[in-house]
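As a basis for the values below, the full set of heavy atoms in this structure was taken, side chains included, without hydrogen atoms, waters or symmetry mates.
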Amino acid sequence: GENVFRHIKKGTISSRKNSVNHSFGDHKSKSSVGSKNISKEAFAILSSLEGPYKTEGQAVYWESVLAIRRLIMTSFIFLNDLILKYIFISLLCVLFLIHHVVIKPYKSKKSNLIDTLSLMLILVIANINYIKACFVTSGIIPSGSIFYILSSFDMIENCLILILLSAIFLSYFLPSN
């Protein structure tokens with residue numbers, strides 16, 4: 001079969017104009033994508049990469065955006081200053097959230113909503129951890145009402161994570177738009 005990645009790099013394959021030959025027993029059967037013939041396996045790879053994303057505009061690059069976003073967020077693990085770490089994470093979350101809301105990369109409204117919700121929850125959790133980091137770095141041991149407030153932040157964090165996981169779980173049972 002043809003090397004699909006060579007054509008992807010050249011930009012000669014477009015999965016929006018596809019017609020698949022459905023002779024499943026034949027490994028050498030071809031799928032016509034645009035003006036090129038590619039194998040079913042290559043077509044499956046290309047479809048899974050572009051599948052959930054919008055085809056118009058530049059939303060098909062979103063897998064790269066997600067990978068870079070994760071790399072940037074995890075790079076702050078190595079910062080020793082907790083306050084600086086959570087400030088950077090919060091600022092990045094705001095930028096990622098704005099970028100996501102403007103681009104709306106997914107075909108499904110539900111997928112865009114869940115990703116927006118997850119980014120908002122990460123932002124809230126980062127800000128809760130920023131507040132806790134202020135106490136830790138200043139050496140203040142919270143007591144009294146401040147201790148209870150910080151303890152309630154832990155419960156709020158856990159509830160937010162539970163809400164996000166529930167939304168993702170329930171999204172599989174709701175009809176797509």
Quiz item: Hey, is the main chain of Asn112 close enough, under 3.5 Å, to the side chain of His100 for a donor-acceptor pair?
Solution: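 Yes; at least one donor-acceptor contact below 3.5 Å.
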Practice problem: Might you work through the side chain to side chain contact (heavy atoms under 4.5 Å, CB included) test for Leu119 and Arg69, ending with a clear yes or no? | Solution: CA-CA 11 Å; Leu119 287 169; Arg69 193 166 78 183; 3.7 Å; yes
Taking atom [atom1] of [X] and atom [atom2] of [Y], what is their separation to the nearest 0.5 Å?
| X | Y | atom1 | atom2 | result |
| --- | --- | --- | --- | --- |
| Leu164 | Phe169 | CG | CZ | 14.0 Å |
| Ile161 | Leu121 | CD1 | CG | 8.5 Å |
| Ile141 | Phe135 | CD1 | CZ | 12.0 Å |
| Ser118 | Leu123 | OG | CG | 11.5 Å |
| Asp154 | Cys159 | CG | SG | 11.0 Å |

Quiz item: So Lys85 and Asn80, side chain to side chain contact (heavy atoms under 4.5 Å, CB included) or not? Walk me through it.
Solution: CA-CA 8 Å; Lys85 180 189 303 187; Asn80 289 330; over 6 Å; no
What's the shortest heavy-atom distance between [X] and [Y], and which atoms?
| X | Y | value |
| --- | --- | --- |
| Val101 | Thr116 | CG2-CG2, 4.1 Å |
| Ala126 | Tyr86 | O-CD2, 3.8 Å |
| Asn127 | Ser90 | OD1-OG, 2.9 Å |
| Ile72 | Leu92 | CG2-CD1, 3.4 Å |
| Met120 | Leu97 | CG-CD2, 3.7 Å |
| Ile87 | Tyr130 | CG1-CE1, 3.7 Å |

Practice problem: Give a yes or no on this: more than 12 heavy atoms of other residues, nucleotides or ligands lie within 6.0 Å of atom OH of Tyr148. | Solution: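 For Tyr148, atom OH is not crowded (no more than 12 foreign heavy atoms under 6.0 Å).
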Quiz item: Would you say the side chain of Phe88 lies within less than 4.5 Å of the side chain of Leu84, judging by non-hydrogen atoms?
Solution: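 In contact.
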Quiz item: Can you find a pair of side-chain heavy atoms, one from Met73 and one from Cys93, that are under 4.5 Å apart?
Solution: yes
Look at the side-chain heavy atoms of Ile, Leu, Val, Met, Phe, Trp and Tyr, link any pair under 4.5 Å apart, and say whether [X] and [Y] land in one connected group.
| X | Y | answer |
| --- | --- | --- |
| Val124 | Ile149 | yes |
| Ile89 | Leu79 | yes |
| Leu113 | Ile122 | no |
| Phe147 | Phe153 | no |
| Ile140 | Leu150 | yes |

Quiz item: Are Ile83 and Cys134 close enough, and set up right, to give a side chain to side chain contact (heavy atoms under 4.5 Å, CB included), and what steps lead you there?
Solution: CA-CA 6 Å; Ile83 293 177; Cys134 289; 4.2 Å; yes
Practice problem: Take Ile103 and Val65 through the test side chain to side chain contact (heavy atoms under 4.5 Å, CB included) and record every step on the way to the result. | Solution: CA-CA 11 Å; Ile103 299 294; Val65 171; over 6 Å; no
